[in-house]
There are 2 protein chains.
Amino acid sequence: MDIKKKKLLEAAGWRVGSTDDFLSLTDEEAAYIDLKITLSKKVRQCRERENLTQTQLAECLKSSQSRVAKIEAGDPSVSVDLLIRSLFALGVTKSELAKMLVSQ
Amino acid sequence: MDIKKKKLLEAAGWRVGSTDDFLSLTDEEAAYIDLKITLSKKVRQCRERENLTQTQLAECLKSSQSRVAKIEAGDPSVSVDLLIRSLFALGVTKSELAKMLVSQ
DNA sequence: TTGATATATGTCATATTTGACATATATTTT
DNA sequence: AAAATATATGTCAAATATGACATATATCAA
């Protein structure tokens, strides 16, 4: 059993029991989940750096506090689109985004 | 945002920089569209480098040729999620993805 | 402790994205 | 040239993501 992949899924909020789905997680699926986790952590980091509450960031995004909470929790219902739009709303540039990907 | 104007410009192969004035986009909207254009170009680049047809890539993605065409055309109906999953399916790593963002 | 504020979680109707299909148009091969 | 192959475009039902809401649980100051 691949512990790394299991931790990826669990951290992302997926229910990982003893299902066969988990075992067949491909590299690209793992990379995708890994990316989402990375980005979600960065959103929280950037928001706290700007001293914003989740509610305030939600206003910038024209979203809701509960969705921002899900963004930062790496909830499976949150798309990479929303994660990246959140970072852009926090003033992150494309090259800063690139750095975020390599610096874990 | 005006989806029709966006699509018009995309079909015409618009460049970043002129989009701001023409569509009066916010910085974050411009950054988001710029990112999508960058990624869509990279998908085509990577696919051709691998000597795959759109149909073959579609098989890897469990999608369809027509959607791959839309991915590479930067169609507004295509999410960043799908763009990035396409790149991962083409074997691109997270750090390579990061380089793509800065090298344009 | 209490109250105030911030964050987390669950649900759901609506909105957006999706693969699939038909078909048009290039592009290449013979 | 035609035939074969590749790519583009439009449409649509189904799948997925979304904001909004209720409410639970922290966190912190008075």
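Labels below follow one simple rule: chain letters A, B, ... track the order of the sequence lines, proteins then strands, and each chain is numbered from 1. Scope of the values below: all heavy atoms of this structure, side chains included, with no hydrogens, waters or symmetry mates.
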Nearest-nucleotide 5' precedence on DNA chain C, B/Val78 against A/Leu52: A/Leu52
Rounded to the Å, how far apart are B/Arg67 CZ and C/dT16 C1'? 11 Å
What's the CG-P distance between A/Leu57 and C/dA6, to the nearest Å? 14 Å
Identify whether any heavy atom of B/Thr53 sits under 4.0 Å from a base atom; if not, whether one sits that close to sugar-phosphate; answer base, sugar-phosphate or nothing. sugar-phosphate
Quick one: does A/Gln65 reach the base of C/dA8 with a side-chain donor-acceptor pair under 3.5 Å? yes
Specify the separation, in whole Å, of atom CG of B/Asp81 and atom C1' of C/dT16. 12 Å
Under-4.0 Å side-chain N/O to phosphate OP1/OP2 contact, B/Arg47 with D/dT7: yes
Between B/Gln54 and A/Leu61, the residue closer to the 5' end of DNA chain D by nearest nucleotide is B/Gln54
Mind calculating the distance between CZ (A/Arg85) and P (C/dT16) to the nearest angstrom? 10 Å
Considering all heavy atoms of both residues, which atom of B/Ile71 and which atom of B/Ser40 are nearest to each other, and what is their separation? O-CB, 3.1 Å
From CD1 of B/Ile84 over to P of C/dT17, roughly how many Å is that when rounded to an integer? 15 Å
Can you tell me how far P of C/dA6 sits from CD1 of A/Ile71, to the nearest Å? 18 Å
Contact class for B/Val68 (heavy atom, under 4.0 Å): base, sugar-phosphate, or nothing? nothing
So what does A/Ser79 touch, heavy atoms closer than 4.0 Å: a base, only the sugar-phosphate, or nothing? sugar-phosphate
Looking at D/dC21, does its base get a donor-acceptor pair with the side chain of A/Ser66 below 3.5 Å? yes
Once you round it to whole Å, what is the distance between P of C/dT16 and CG of B/Leu82? 18 Å
Check whether any side-chain nitrogen or oxygen of B/Arg44 sits under 4.0 Å from OP1 or OP2 of D/dA8, and answer yes or no. yes
Correct closest heavy-atom pair for B/Leu83 and B/Val43 would be O-CG2, 3.9 Å
Ion pair present between B/Glu72 and B/Arg47, side-chain N to carboxylate O less than 4.0 angstrom? yes
Any ion pair linking B/Glu29 and A/Arg85 (charged N to carboxylate O, less than 4.0 Å)? no
If you take atom types as modelled and just measure distance, does the side chain of B/Lys70 reach the base of D/dG10 with a donor-acceptor pair under 3.5 Å? yes
For A/Lys36 and D/dT16, what is the distance between atoms NZ and C1' respectively, to the nearest whole Å? 11 Å
Supply the atom-to-atom distance A/Lys94 NZ to B/Thr38 OG1, rounded to the nearest 0.5 angstrom. 3.0 Å
Would you indicate, yes or no, if D/dG19 has its OP1 or OP2 atom less than 4.0 angstrom from a side-chain nitrogen or oxygen of A/Ser63? yes
